[in-house]
Amino acid sequence: MTRALLLIDIQNGFCPGGNLPIAEGDAVVPVANRLMKSGRYDLVVASQDWHPANHGSFASQHPGKAPFEIGELSGKPQMLWPDHCVQGTPDADFHPDLDTAAIDHVQRKGENVAVDSYSAFRDNDRAALTGLAGYLASKNVTELDLMGLATDYCVKFSALDAVDMLPGVRVAFIEDGSRGIDPEGVKSAIEEMRAAGVLITTSHDRLA
Ligand code: VGL
Ligand code: ZN
């Protein structure tokens with residue numbers, strides 16, 4: 001039995017002061033650190049949103065469009081974001097209080113300008129894989145706990161892909177270790193994850 005913890009996008013860009021700040025985004029950091037220290041996990045993986053400066057999900061690349069409007073990317077509807085998590089900038093760094101020494105493997109995503117990648121496992125068009133599913137399978141992962149930012153985007157899509165791409169692996173979402181962009185979106189994300197077979201749990205229950 002191999003237990004893995006997957007930390008989604010705990011980066012400056014998604015925390016207060018970042019370019020795509022999530023309310024209380026930084027509150028997930030102590031939860032992540034506590035879980036990593038607990039000894040519960042054999043493996044810790046962290047994903048990192050890692051965009052080129054001209055990424056097609058940025059409103060700045062769409063003349064006349066503002067952040068949080070719907071635009072088009074490669075012929076498909078795309079939520080347009082503020083420029084965020086640009087490769088090599090402080091906005092893309094992990095939160096400075098995150099215990100990165102305890103992370104075994106970092107999975108970057110969102111490097112292709114023509115497609116967004118909310119999931120840590122594959123691009124939104126499902127064409128290109130990141131390699132994370134193969135990595136976790138090579139480590140014989142049997143239990144995967146996910147948490148991080150944002151619940152209604154990257155955490156949700158990663159959890160749904162984990163169920164889909166890692167047959168037989170028990171997937172759980174750690175609610176208090178996650179924060180979302182839109183409160184209604186968070187509610188429906190949790191229901192979608194639950195319906196897909198993801199266990200909704202808390203760090204408290206995991207450490208009990
Ligand atoms: C994310 C929007 C754009 C996330 C990443 O990490 O949830 N959301 N890029
Ligand atoms: Zn992004």
Side-chain angles (χ1 to χ4, degrees), residues 5-29 31-32 45-62 65-74 76-95 98 100 103 106-126 128 130 132 146-162 173-190 192-193 198:
L5 177 66
L6 175 55
L7 305 175
I8 301 292
D9 300 2
I10 306 183
Q11 295 166 261
N12 288 326
F14 301 117
C15 292
N19 288 341
L20 180 35
I22 294 164
E24 299 178 0
D26 52 345
V28 309
V29 174
V31 179
V45 178
S47 70
Q48 200 172 22
D49 212 31
W50 194 250
H51 296 309
N54 63 341
H55 194 266
S57 73
F58 295 170
S60 62
Q61 302 301 305
H62 300 255
K65 289 284 189 183
F68 306 104
E69 288 180 3
I70 307 291
E72 216 182 80
L73 183 57
S74 299
K76 290 183 184 134
Q78 166 73 41
M79 172 70 100
L80 299 177
W81 303 107
D83 291 19
H84 65 277
C85 297
V86 171
Q87 298 172 1
T89 68
D91 201 64
D93 286 345
F94 290 119
H95 188 285
L98 186 66
T100 52
I103 296 169
V106 173
Q107 179 64 62
R108 289 177 170 167
K109 64 187 179 68
E111 298 179 66
N112 179 353
V113 292
V115 59
D116 212 349
S117 187
Y118 295 142
S119 165
F121 292 94
R122 57 185 164 189
D123 288 345
N124 289 4
D125 64 6
R126 300 186 155 196
T130 60
L132 181 57
L146 286 98
M147 56 160 280
L149 306 170
T151 305
D152 40 348
Y153 287 92
C154 293
V155 177
K156 176 185 88 171
F157 282 97
S158 297
L160 297 178
D161 275 349
F173 164 70
I174 299 175
E175 193 168 3
D176 59 318
S178 304
R179 292 293 187 280
I181 293 174
D182 167 58
E184 286 306 311
V186 168
K187 274 190 211 163
S188 53
I190 290 172
E192 267 182 79
M193 288 190 279
V198 176

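Hydrogens, waters and symmetry mates are skipped; everything else that's a heavy atom, side chains included, is used. Remember, it's 1-based here, ligands and their atoms both numbered in the order they're listed.
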| field | N, O or S from H55 under 2.8 Å to the Zn ion (ligand 2) | value | no
| Is a side-chain N or O of D26 found less than 3.5 angstrom from the main chain of C15, in a donor-acceptor match? | no
| Do you see an N/O/S atom of D116, backbone or side chain, under 2.8 Å from the Zn ion (ligand 2)? | no
| task | For ligand 1, would you mind listing the residues that have at least one heavy atom less than 4.0 Å away, ordered by chain and number? | result | D9, F14, L20, D49, W81, H84, Y118, L149, A150, Y153, C154
| request: Taking the Zn ion (ligand 2) as the reference point, name the nearest N/O/S atom of H84. | output: NE2
| field | Check ion pair D125-K76 (N to O, under 4.0 angstrom) | value | no
| query | Angle class for the Y118/W81 ring planes (parallel below 30°, perpendicular above 60°, tilted otherwise)? | reply | perpendicular
| said: If you consider just the N/O/S atoms, which atom of H51 is the closest one to the Zn ion (ligand 2)? | reply: NE2
| note | For P16 and P21, the nearest pair of non-hydrogen atoms, with its separation, is CA-CB, 4.1 Å
| query | N/O/S atom of C85 under 2.8 Å from the Zn ion (ligand 2), yes or no? | reply | no
| message | Could you check, using the six-membered ring where one of them is a Trp, whether H84 and F14 have ring centers closer than 6.0 angstrom? | response | yes
| request: Write down the atom of E111, the atom of W50, and the distance for their closest heavy-atom approach. | output: CG-O, 3.2 Å
| remark: Looking at D49, the N, O or S atom sitting nearest the Zn ion (ligand 2) is OD2
| said: Return the CD to CD1 distance between E184 and I181, rounded to the nearest 0.5 Å. | reply: 14.5 Å
| remark: Heavy-atom closest pair (C85 atom, D91 atom, distance to 0.1 Å) is N-OD2, 2.7 Å
| side chain to side chain donor-acceptor pair (under 3.5 Å) with K109: which residues, sequence neighbours excluded? | D9, D49
